Amino acid sequence: MANFQSLDAFVHQVTETLKSKWNTSTFDFLVNNAGMGGTVPFEKVTEEFFDEFLNVHFKSIYFLTQKCLPYLNSGGGIINISTGTTRFSNPGYSVYASMKGAIEVFTKYLAKEIGAKGLTANVVAPGPVETDFNNATIRNNPQLKERLSSLSPQGRVGVPEDIGPVVAFLCTEEARWINAQRIEVSGGINM
């Protein structure tokens, strides 16, 4: 989300929907899964490209979280989606991984600052996952999929069903003591 003026309207729409459908204006968990793809070598990154990634991957998450905080119930939390490329390098991902690295640092600060409200903040960091992300690059490029699969001890790339249950688990009572953690869900890529 690069249009920050729309954040207030979005939050208002969410709270109105909560009121009309569930008779509440609060919720338990915020999962920030904003993202867009693009692989550009460092030497070719433009300021415009950088700013677009900054706005979508970091600034929008930061301020949406701030605006949603008053509506989060104690006992709930925030889950930010990052990437395995904050742990290992992949050529062309310097901007993307840098913004996700910022999200990981932000999450630690969130955990510290919102803990007194009874909230947690964690990061889930997927490895390569075969989705529509980045124009379905992994799905549409068999050579890339094969190369990435070879980097995992399990010999495959991830699928959404590998990531979703981890996020769902963090939204359970059993995960209440998990806080300020980065949980990589990557099949052990680049071990």
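Because the structure is predicted, anything quoted here is derived from the model rather than measured. All values below come from the heavy atoms of this structure, side chains included, with hydrogens, waters and symmetry mates left out.
Within a 6.0 Å sphere centred on OH of Tyr62, other residues, nucleotides and ligands contribute 12 heavy atoms or fewer. Residue Glu146 places its CD atom among 12 or fewer non-hydrogen atoms of other residues, nucleotides or ligands, all under 6.0 Å distant. Around CZ of Phe29, the count of heavy atoms belonging to other residues, nucleotides or ligands within 6.0 Å exceeds 12.
Under the 4.5 Å side-chain criterion, counting only non-hydrogen atoms from C-beta, His57 is in contact with Met36. The shortest side-chain heavy-atom distance between Phe50 and Met99 falls under the 4.5 Å cut-off. At least one side-chain heavy atom of Cys68 sits less than 4.5 Å from a side-chain heavy atom of Val11. Side chains of Asp162 and Arg156 form a contact here, defined as non-hydrogen atoms less than 4.5 Å apart. For the pair Phe10/Leu64, a side-chain contact is recorded, criterion being any heavy-atom separation below 4.5 Å from C-beta on. Residues Glu47 and Asp51 have side chains in contact (heavy-atom distance under 4.5 Å, counting atoms from C-beta outward). At least one side-chain heavy atom of Leu119 sits under 4.5 Å from a side-chain heavy atom of Leu69.
Residue Phe169 comes nearest to Ala175 through the heavy atom pair O-CB, 3.2 Å, listed as atom of the first residue, atom of the second, then distance. Contact record, Ile114 with Thr120: CD1-O, 3.8 Å, taken as the closest heavy-atom pair. Of all heavy-atom pairs spanning Ile138 and Pro128, the tightest one is CD1-CB, 3.7 Å. Listed here is the closest heavy atom pair of Thr39 and Pro91: CG2-O, 3.8 Å. Nearest heavy atom pair, residue Pro160 against residue Pro165, reads O-CD, 4.3 Å. Pairing each heavy atom of Pro153 with each of Gly187, the nearest pair is CD-O, 3.2 Å.
Connection of Ile163 to Val159 is not established within any shared hydrophobic cluster, with ILVMFWY side chains joined at heavy-atom distances below 4.5 Å, either directly or through further cluster members. Hydrophobic clustering of Ile, Leu, Val, Met, Phe, Trp and Tyr side chains at less than 4.5 Å, counting indirect connections, keeps Tyr93 apart from Val185. Under the 4.5 Å side-chain heavy-atom criterion for ILVMFWY residues, a single connected hydrophobic cluster contains both Ile61 and Leu30. Linking Ile, Leu, Val, Met, Phe, Trp and Tyr whenever their side-chain heavy atoms come within less than 4.5 Å leaves Leu72 and Val31 in two separate clusters. Hydrophobic cluster membership differs between Val56 and Val123, with clusters built from Ile, Leu, Val, Met, Phe, Trp and Tyr side chains linked at under 4.5 angstrom.
Put simply, OG1 on Thr15 and CD on Gln13 are 9.5 Å apart, with the number rounded to the nearest 0.5 Å. Leu18 contributes atom CG, which lies 10.5 Å from atom CG of Asn23 (distance to the nearest 0.5 angstrom). Separating the CD1 atom in Ile189 from the CD atom in Glu184 is a distance of 8.5 Å, to the nearest 0.5 Å. From Glu43, atom CD reaches atom OG of Ser94 across 8.5 Å, with rounding to the nearest 0.5 Å. Taking NE2 of His12 as the reference point, atom NZ of Lys67 lies at 13.5 Å (rounded to 0.5 Å).
The closest donor-acceptor contact from the side chain of Gln181 to the backbone of Asn179 lies under 3.5 Å. Checked by atom type and distance alone, the side chain of Ser150 pairs as donor or acceptor with a backbone atom of Arg147 at under 3.5 Å.
Here Glu173 pairs with Arg176 under the salt bridge (charged side-chain N to carboxylate O under 4.0 Å, His left out) rule; sequence neighbours left out. Listed by chain and number, the residues in a side-chain hydrogen bond (donor to acceptor under 3.5 Å, both in side chains) with Thr26 are Thr24, Asn73 (sequence neighbours excluded). Remark: Glu174 pairs with Thr172 by the side-chain hydrogen bond (donor to acceptor under 3.5 Å, both in side chains) rule, at least two apart or across chains. Take Glu113 and apply the salt bridge (charged side-chain N to carboxylate O under 4.0 Å, His left out) test, not counting sequence neighbours, and it matches no residue.
Counting side-chain heavy-atom gaps under 4.5 Å among Ile, Leu, Val, Met, Phe, Trp and Tyr, the cluster of Val105 also holds Tyr109.
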Residues 74-85 side chain polar contacts: donor-acceptor under 3.5 Å, at least two apart:
from  : atom 1 : to     : atom 2 : distance (Å)
Ser74 : OG     : Lys117 : O      : 3.3
Asn80 : OD1    : Asn32  : ND2    : 2.8
Asn80 : ND2    : Thr107 : OG1    : 2.8
Ser82 : OG     : Glu104 : OE2    : 2.6
Thr83 : OG1    : Thr85  : N      : 3.1
Thr83 : OG1    : Thr85  : OG1    : 3.0

